[in-house]
Structures are given as C-alpha cells and as structure tokens.
Amino acid sequence: MKYDIIVIGGSAAGLIAAMTSRKLYKDKKILVVKKLEKELVPCGIPYIFHTLGAVEKDYMGIEEKFKANNVDVLIDEVVDGNVQEKKIVTKSGKEFEYEKLVIATGSTPFVIPIPGHNLENVYTIPKNYKYLGTVQEKIKNSENIVIIGGGFIGVEVADEIKKSGKNVTLIEARDYLLPASFDADFGEIAKKEIESDNVKVLVSTKVKEIAGNGKVEEVILENGEELPADIVIMATGYKPNTELAKKMGIKVTEWGFIETDDYMRTSVKDVFAAGDCVQHKDYFTGKPSRLMLASAAVFDARIAASNLYKLKLLRTNKGSLNAYSTMIGGKAFAAAGITEAVAKAEGFDIVIGKAEVVDRHPGKFADASKITMKLIFSKECGLLLGAQIVGGKSVGEIINIISLAIQKEVNVKDLLTMQIGTHPLLTAAPTVYPLAVAAEQALAQM
C-alpha cells in the first residue's frame, strides 16, 4: 500500500508532524505507525504518581484527533526500510511505500550499568503507559523509594511520590540539582524546596551498588552508606531511538542522534526527522546538545511538516534555547538560554542582573509570591544570553517571553525600556517589574 506521507512515531513530534501535514496538504494520504495504542502527555508523566493519580488521566487522546482529521493509524513497529525504493516494513510483516517519510521515534531511558541495576523492582520512566502502570502499582505497596538522578524527571517524580507519604531519597552525582539548565544558586533553591517536603536529597553522591537477593533491598553509596529501598527508579537520562534510522542508512551523529539540517531533512532525500531522536545544537555555542523536550519536538515537527514538499516555513533561529519550566513543591522554576556556568566555560564575557520582587502589588494578596530572577548578558554588546527564574506560576509564561526575547536578539537596553502591562492581581508593580530591575542592574555593570 502506498501513502503520500508516513510518520513513524505517535508521541508529541509524531502527532504534530501528522496534524500539520494534514492542515497544509489536504489531499495527501497520511499514515502514522506507532508502537503503543495510547500515548502519554510526556511532561505529565511524573504527575501520574499522585496529582493525577492514574496513568489513564495522562493520555494524550491523539487517536481521536487522527480519526477526526482523516489520518490513518497503524499500531505496529517499523523494523526496516529501503530508502531507495521508499518502503518501510513493520514487525507484523506489512509493507508500505511513501513519498515523504518523517521519523519521530523518540527516546528511551538510559540506564547507568550500576551493579544490581537489573534486579526486580528497579525501574525507569519511559513513555509507556503499560510499564508505568506497573510502576505505579508497585509504588503504592512500597515504603522506601530511592531515585537516582537529580534532573527534571528525578526531581519531579520524587516530589510527586513524596506527596503519597512515602520515604523518598533523591541522589544526584553532581553538586546540585537540575544541573542541565540551572546554576548552583538556583539548584540550591530547588534542593531546599524539595527538602521542605521531607524528601531526603543527597548531592555530590554516587551509587556503588543496588543490592538485594533477587529484588531490591538497599542502595549502597560509594561512601559506604546503605539506604533501605523497596523500589529504585533510575532517572539518569534518555538516549535517542535511532536503530531504525541506522538500519536504513540514515546518517547519525557521534552521540547517536539523527543528523538533520535546519529544515529537519536527514541525509536521505525525502526523509525527515523530528523530536528526541534528532541531534539539536545549542543556540549560542553551536555545539551538539542533548536536548529532549516535548516543546522542542513540537517545534521540529512543525518545521519538518511545513517543508516536506517545498520550503514553506523558513527557519530563522539558529539552535535550541533549552526553554523549560517545572514545579517543585510550591514553586515554579524556569530557564532558557545558557547558564552562567556554561557562558563562563565557553569564554563569554558576561554580566549578571538579578531581581527579587513580589509578583503582585501590593504584596499582601493571598496568591502573591516572590520571584527570584537572574539574567545573563554579554558584557560587550548587552545581548541577552540566558535566564533563570523561580517563583509563582506566572514564571511559566515569563520564561516564554524571555525565550522569544533571546531568539529576537533583545539586549539589556531593550528590556530596560520595554513597554509593559501590569495589574495588581496579575503582575509585579511597574516600578519593580523583574525584567526591568534585572536589566538595570546588569546595565550598571557595563
């Protein structure tokens, strides 16, 4: 059977690749091949352990969207393909021809080969609803949970499981939490926030062994400390699913990601790629990035789908900004661009602007909270390079404004003189609006 457009993968990148294709190419025949019947909202996965309370409440619901938009769906796995003949082959033996192919095969949890990592009750956090349902049930009947990895997934999962009254220990090998997107000062704020919910946090700590007789009983640290454990969750990152791409002769990078150009075209004509399986690059340094965010996957997919048949959507940004936000305890954390540590390591001459203000005015409103903001600028030209924020829920949208500001090459004077709309119930006071306050502090150092 032949289709005009075939998308391999049904999560965020696959969904948007198919739906954008349908909007732009109304007469094209589109097929999505995906391994699982149900897809999860990727960013919602940690919240199945308490706030949502069930895996089913995190379903993306894309199956109905595909059906309503005349996109065919096949629950199967693509195991091979021939790019010369423009064919793919599924695990069940079905063959399909295509005009254009989009590979959106995502990522898989990366497990550090610690001794004992294959014991019973050692789990990861994949985007698999059946597997996660098992993890959830196991946790319900356990008391001592040890989470290895203090990145976004580890922190969010620890925060959620603790809400169910479990004894939770979070272990991070680096000196502070969330090291991929935040500097040490914000990592320390995150540590204090999650510790305030009685999560035991161990930083600068490595695991020597996961021990037990057939199943987990304890985690042994390199310093000799032994932690009782009924469940161990390995939140040690993800690796791209690119075995299929390699099998089809599509070029991958030294880190194992699919190599694409700015329009998500792979090394093979008429084959595109999007999402976690793609090699991204840092916006400022141009170096390879291991970015794996649903927001980036959606961006990739829109670019890929828009340019399947001709370059309709020209890409003007030059890399990935790592824009991210999360909730830890009662505080929102967000970041975009490069950190202060990375900027210094890369040789940027920088200045830092900081602001600590209340996000309502006056600050006596019940929902008022303190915003702590750090902006990183180039000292030479005043260009905004990065930002980190912690505060109330408004932080989630402020970081999106900052991300666009970086993308549009806004400088310190632009932020200082930006025209803003404020209201007592919605924002900080115009006299202490955090972006302007931080910009003013930075400008004084230039």
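Start at 1 with the first residue, then count along the sequence.
- The residues E243 and K246 are annotated as salt-bridged, a charged nitrogen and a carboxylate oxygen being separated by less than 4.0 angstrom.
- K206 has no carboxylate O lying under 4.0 Å from a charged side-chain N of E222, or vice versa, which leaves the two without a salt bridge.
- In terms of modelled atom types and a separation under 3.5 Å, the side chain of S403 and the main chain of A336 share no donor-acceptor contact.
- In summary, the side chains of N241 and T108 do present a donor paired with an acceptor at a separation below 3.5 Å, with no hydrogens or angles considered.
- Within 6.0 Å of NZ in K29 there are more than 12 heavy atoms belonging to other residues, nucleotides or ligands.
- Residues K130 and E37 are not paired through a salt bridge, judged by the lack of any N-O separation under 4.0 Å between the basic side chain and the carboxylate.
- Looking only at atom types and distance, the side chain of E346 has no donor-acceptor partner in the side chain of T285 under 3.5 Å away.
- The backbone N or O of G286 sits nowhere less than 3.5 Å from a side-chain atom of K281 that would complete a donor-acceptor pair.
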Q: Given salt bridge (Lys or Arg N to Asp or Glu O under 4.0 Å), test E137 with K140 step by step and report yes or no.
A: CA-CA 5 Å; E137 286 304 311; K140 284 180 181 178; 3.2 Å; yes
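- Summarising the local packing, NZ of K163 is surrounded by more than 12 heavy atoms from other residues, nucleotides or ligands at distances under 6.0 Å.
- The pair K28-E99 counts as a salt bridge, with a side-chain nitrogen and a carboxylate oxygen less than 4.0 angstrom apart.
- Closest non-hydrogen pair, A18 versus V71, comes out as CB-CG1, 4.3 Å.
- The number of heavy atoms from other shown groups lying within 6.0 Å of CG (N213) does not exceed 12.
- Between the side chain of E225 and the main chain of I220, no donor-acceptor pair closer than 3.5 Å is present.
- Between F333 and F186, the gap from one ring centroid to the other reaches at least 6.0 Å.
- A side-chain donor-acceptor contact under 3.5 Å links Q136 to the backbone of G53.
- Between the side chains of Y283 and Q407, no donor N or O sits under 3.5 Å from an acceptor N or O.
- Under a 4.0 Å N-O distance rule, the pair K91/D76 does not qualify as a salt bridge.
- In this structure, the side chain of S267 does not engage the main chain of I250 through any donor-acceptor pair within 3.5 Å.
- V252 and T242 get closest at one heavy-atom pair: CG1-CB, 4.4 Å.
- Contact record, I153 with A235: CG2-CB, 4.3 Å, taken as the closest heavy-atom pair.
- Around the CD atom of E254, the shell of radius 6.0 Å holds no more than 12 heavy atoms that belong to other residues, nucleotides or ligands.
- Here the NZ atom belonging to K344 is positioned 5.5 Å from the CD1 atom belonging to I350, to the nearest 0.5 angstrom.
- Shown here is E195, whose CD atom has more than 12 heavy atoms of other residues, nucleotides or ligands within 6.0 Å.
- Side-chain N/O atoms of D230 and S142 include no donor and acceptor closer than 3.5 Å.
- H280 and N322 share no side-chain donor-acceptor pair at under 3.5 Å.
- A donor and an acceptor atom, one from each side chain of Y123 and N121, are located under 3.5 Å apart.
- For the residue pair L244 and D80, the shortest heavy atom distance occurs at CD1-N, 3.6 Å.
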